[in-house]
Asks: 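Structure provided below as structure tokens; questions to follow.
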Amino acid sequence: MTGHSDERPAEPMVAEVREGDAYDLMAKLPDDSVDLIITSPPYWGLRTYGQDHNEDVLAEWLAEGGDKETTPPYDWYRLHGGCLGLEPLPEWFVDHLVEILQRGASALKAGGSIWLNIGDTYFARWSSIRMDGRQGLGDNPRMRRKTPMGGFRQEKQLLLIPARFAIAMQAKRWILRNDLIWEKKNVPPRPEKDRLRLAHEHFFHFVKRAKEGRPKYYYDMSAVEEGARDVVAVNVRSGSDGHSATFPTQLVRPRVLSSCPPGGLVLDPFCGTGRALTVAVESGRRAIGFEMSPTFAAAARSNIAGVQGALDLG
């Protein structure tokens with residue numbers, strides 16, 4: 001519902017990081033407990049984040065009678081060594097990301113929101129996967145893998161993964177309220193001579209479909225950027241604590257302030273080093289993060305503790 005929600009009893013400003021797969025942890029959340037899901041999941045086909053991935057997972061799926069145009073369930077995929085973001089086909093990635101988010105649908109309140117940041121990928125038959133680091137920044141180690149061609153998967157094709165994801169969410173009856181464009185003014189030079197530099201990402205705002213009538217959800221328009229436009233310019237920032245793709249604070253804070261009531265619960269199911277969680281705590285919200293990497297989970301806990309300590313001293 002637009003405007004402010006009814007007052008609620010004061011709740012302790014707490015934040016925690018739970019280590020594990022979001023697929024499992026989302027399903028353990030109590031129903032109607034989360035006010036805002038805000039996250040930036042791994043993008044398809046760009047980096048490993050230090051995770052091991054089974055490059056034979058497609059062959060194993062075919063050997064079990066599957067076909068490449070049919071996405072295996074995420075649970076099958078991960079049990080066969082697959083990692084989110086490293087699927088052999090972008091279609092698999094889209095389906096898995098939607099499947100994971102659906103596991104948390106009952107935990108999101110009727111008046112809650114999802115804000116999800118996602119970038120696009122160009123297709124190459126022999127694609128380059130970075131171990132870490134942003135595309136075009138630094139001499140980061142990389143590996144090459146062969147990716148199946150066919151259909152829209154053609155050399156040099158911009159895959160439109162954000163749009164495919166948004167449409168897949170709509171098919172699950174989510175309501176897309178905004179496609180916010182994050183303009184990145186400081187993107188680094190690229191070696192390509194036959195296309196423009198990719199200098200934006202998408203930040204989608206979804207709400208739940210109402211049982212009757214129009215959706216009603218918490219939204220504080222006074223907390224968004226000046227001008228309330230669906231294009232915001234925020235420079236890319238360097239990573240933190242060994243993580244190369246952390247949220248810029250200036251991008252996250254207006255989403256938290258506008259889409260989660262004070263004292264409400266913010267969830268980041270792919271929290272990395274905890275940037276969204278620290279912003280939530282600084283803004284007077286509670287926060288929960290999920291993270292598979294023990295290293296990043298530890299960094300997120302440390303960053304949250306630092307913010308909480310500063311608030312206590314203040």
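In this chain, residues are counted from 1 in sequence order.
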Asks: So, Asn235 and Gln250: side-chain donor and acceptor under 3.5 Å apart, yes or no?
Replies: no

Asks: In this structure, is the centre-to-centre distance between the rings of Phe290 and Tyr23 below 6.0 Å?
Replies: no

Asks: Could you check whether any side-chain heavy atom of Lys68 comes within less than 4.5 Å of a side-chain heavy atom of Pro148, counting everything from C-beta outward?
Replies: yes

Asks: Please say whether more than 12 non-hydrogen atoms of neighbouring residues, nucleotides or ligands are located less than 6.0 Å from CD in Glu226.
Replies: no

Asks: Is there a path of hydrophobic side-chain contacts, each under 4.5 Å between heavy atoms of I, L, V, M, F, W or Y residues, that connects Met169 with Ile100?
Replies: yes

Asks: Is the side chain of Arg285 donor-acceptor paired with the backbone N or O of Gly263 at a distance under 3.5 Å, no angle test?
Replies: no

Asks: Could you check if a side-chain atom of His80 sits within less than 4.5 angstrom of a side-chain atom of Glu64, using non-hydrogen atoms only?
Replies: yes

Asks: Check whether any side-chain heavy atom of Thr71 lies under 4.5 Å from a side-chain heavy atom of His96, and answer yes or no.
Replies: yes

Asks: Any side-chain heavy-atom pair from Val232 and Glu183 closer than 4.5 angstrom?
Replies: no

Asks: I need the Leu36 CG to Ser259 OG distance, nearest 0.5 Å.
Replies: 6.0 Å

Asks: Is it true that a side-chain atom of Thr121 and a backbone atom of Trp44 form a donor plus acceptor pair closer than 3.5 Å?
Replies: yes

Asks: Is it the case that over 12 heavy atoms from other parts of the model lie below 6.0 angstrom from the CZ atom of Arg177?
Replies: no

Asks: Listed by chain and number, what are the side chain to side chain contact (heavy atoms under 4.5 Å, CB included) partners of His200, not counting sequence neighbours?
Replies: Ile181, Leu198, His202

Asks: Could you measure the distance from the CD1 atom of Ile37 to the CG atom of Leu101? Nearest 0.5 Å is fine.
Replies: 6.5 Å

Asks: Can you name the nearest heavy-atom pair linking Gly213 to Ala210, along with the distance?
Replies: O-CB, 3.5 Å

Asks: Give, for atom CG of Leu29 and atom CG of Leu108, the distance between the pair rounded to the nearest 0.5 Å.
Replies: 10.5 Å

Asks: According to the ring-ring contact (aromatic ring centres under 6.0 Å, His included) rule, which pairs have a member within residues 151-171, sequence neighbours left out?
Replies: Phe165-Phe206

Asks: Would Lys109 and Asp32 pass as an ion pair if we require N to O under 4.0 Å?
Replies: no

Asks: Mind checking side chain to side chain contact (heavy atoms under 4.5 Å, CB included) for Ser302 and listing every partner two or more places apart, or none if nothing turns up?
Replies: none

Asks: Could you check whether atom CG of Leu196 has more than 12 heavy atoms from other residues, nucleotides or ligands sitting under 6.0 Å from it?
Replies: no

Asks: Scan residues 155-165 for pairs that pass side-chain hydrogen bond (donor to acceptor under 3.5 Å, both in side chains), counting only residues two or more places apart or in two chains.
Replies: Lys156-Asp194

Asks: Taking the ring of Trp61 and the ring of Trp76, is the distance between their centroids below 6.0 Å?
Replies: yes

Asks: Using modelled atom types only, decide if a donor and an acceptor are shared between the side chain of Glu291 and the backbone of Gly272 within a distance under 3.5 Å.
Replies: yes

Asks: Taking the basic N atoms (NZ, or NE/NH1/NH2) and the acidic carboxylate oxygens, is any pair closer than 4.0 Å for Glu16 and Arg286?
Replies: no

Asks: Over all heavy atoms of both residues, which pair between Ile175 and Arg209 is shortest? Give the atoms and the distance, please.
Replies: CG1-CA, 3.9 Å

Asks: Let's go through Tyr218 and Asp220 carefully: what are the C-alpha distance in whole Å and the side-chain angles of both, what is the deciding distance for side-chain contact (heavy atoms from CB on, under 4.5 Å) to 0.1 Å, and is it a yes or a no?
Replies: CA-CA 7 Å; Tyr218 178 88; Asp220 183 0; 3.8 Å; yes

Asks: Taking side chain as C-beta onward, heavy atoms only, is Asp35 less than 4.5 Å from Val266?
Replies: no

Asks: Under a 3.5 Å cutoff, is there a donor and acceptor pairing between the side chains of Asn303 and Thr278?
Replies: no

Asks: According to a 4.5 Å side-chain heavy-atom criterion applied to Ile, Leu, Val, Met, Phe, Trp and Tyr, with indirect links allowed, do Phe93 and Leu62 form part of one hydrophobic cluster?
Replies: yes

Asks: Given the rule that I, L, V, M, F, W and Y join up when any side-chain heavy atoms are under 4.5 Å apart, are Met149 and Val57 in one cluster?
Replies: yes

Asks: Hey, could you give me the CZ/NZ distance between Arg125 and Lys146, rounded to the nearest 0.5 Å?
Replies: 4.5 Å

Asks: Taking Ser283 for the side chain and Val279 for the main chain, is one N or O donor matched with an acceptor at less than 3.5 Å?
Replies: yes

Asks: One pair to check against side-chain contact (heavy atoms from CB on, under 4.5 Å): Val17 and Ile304. What are the steps and the verdict?
Replies: CA-CA 9 Å; Val17 177; Ile304 291 166; 3.7 Å; yes

Asks: To the nearest 0.5 Å, how far apart are CZ in Arg301 and CG in Leu277?
Replies: 11.0 Å

Asks: Within the structure provided, determine whether Asp120 and Leu158 are in side-chain contact (heavy-atom separation under 4.5 Å).
Replies: yes

Asks: Spell out, yes or no, whether Leu89 and Leu46 are grouped together once hydrophobic residues are joined by side-chain heavy atoms under 4.5 Å, including indirect joins.
Replies: yes

Asks: Check whether Tyr122 forms a cation-pi arrangement with Arg195 (NZ or CZ under 6.0 Å from the six-membered ring centre, at most 45° off the ring normal).
Replies: yes

Asks: Flag the pair Leu180 / Phe204 as yes when at least one side-chain heavy-atom distance between them is below 4.5 Å, and no otherwise.
Replies: no

Asks: Out of curiosity, Lys208 NZ to Trp174 CH2, how far, rounded to the nearest 0.5 Å?
Replies: 5.5 Å

Asks: Taking all heavy atoms of Cys83 and all of Asp52, pick out the closest pair and write down the distance.
Replies: SG-O, 2.8 Å

Asks: Is Arg153 salt-bridged to Glu91, going by a charged N under 4.0 Å from an acidic O?
Replies: yes

Asks: Strictly distance-based, threshold 3.5 Å: is any side-chain N or O of Asp268 a donor or acceptor partner for the main-chain N or O of Ala276?
Replies: no

Asks: Would a single hydrophobic cluster contain both Met292 and Leu84, if residues Ile, Leu, Val, Met, Phe, Trp and Tyr are joined by side-chain heavy-atom contacts under 4.5 Å?
Replies: no

Asks: With side chains defined as the heavy atoms from C-beta onward, is the minimum distance between Val94 and Ile161 less than 4.5 Å?
Replies: yes

Asks: Determine, stepwise, if the pair Tyr43 / Glu201 fulfils side-chain contact (heavy atoms from CB on, under 4.5 Å).
Replies: CA-CA 11 Å; Tyr43 300 170; Glu201 294 184 8; 2.5 Å; yes

Asks: Once side chain to side chain contact (heavy atoms under 4.5 Å, CB included) is applied, do any residues pair with Ser258, and if so which ones, sequence neighbours excluded?
Replies: Tyr219, Ala223, Val224

Asks: Looking at residues at least two apart in the chain, or sitting in another chain, which of them share a side chain to side chain contact (heavy atoms under 4.5 Å, CB included) with Val187?
Replies: Lys184, Arg197, Ala199

Asks: Under 6.0 Å between ring centres: does that hold for Phe203 and Trp115?
Replies: yes

Asks: Is the backbone N or O of Ile38 less than 3.5 Å from a side-chain atom of Arg255, with the two atoms forming a donor-acceptor pair by type?
Replies: no

Asks: Please state whether the rings of Tyr77 and His53 are parallel, tilted or perpendicular, taking 30° and 60° as the class boundaries.
Replies: tilted

Asks: Classify the side-chain pair Ser113/His205 by whether it contains a donor and acceptor separated by less than 3.5 Å.
Replies: yes

Asks: Looking only at heavy atoms, which two atoms of Trp92 and Thr70 are closest? And how far apart?
Replies: NE1-O, 3.8 Å

Asks: Where the side chain of Asp56 meets the backbone of Ala59, is there a donor-acceptor pair that is under 3.5 Å apart?
Replies: no

Asks: Any chance you could lay out the side-chain contact (heavy atoms from CB on, under 4.5 Å) test for Arg18 and Lys28, step after step, and finish with the verdict?
Replies: CA-CA 11 Å; Arg18 300 176 184 177; Lys28 295 178 180 179; 5.6 Å; no

Asks: Between Glu192 (side chain) and Arg190 (backbone), is there a donor-acceptor pair under 3.5 Å?
Replies: no

Asks: Show the nearest heavy-atom pair for residues Leu265 and Ala287, with the distance to one decimal.
Replies: CD1-N, 3.8 Å

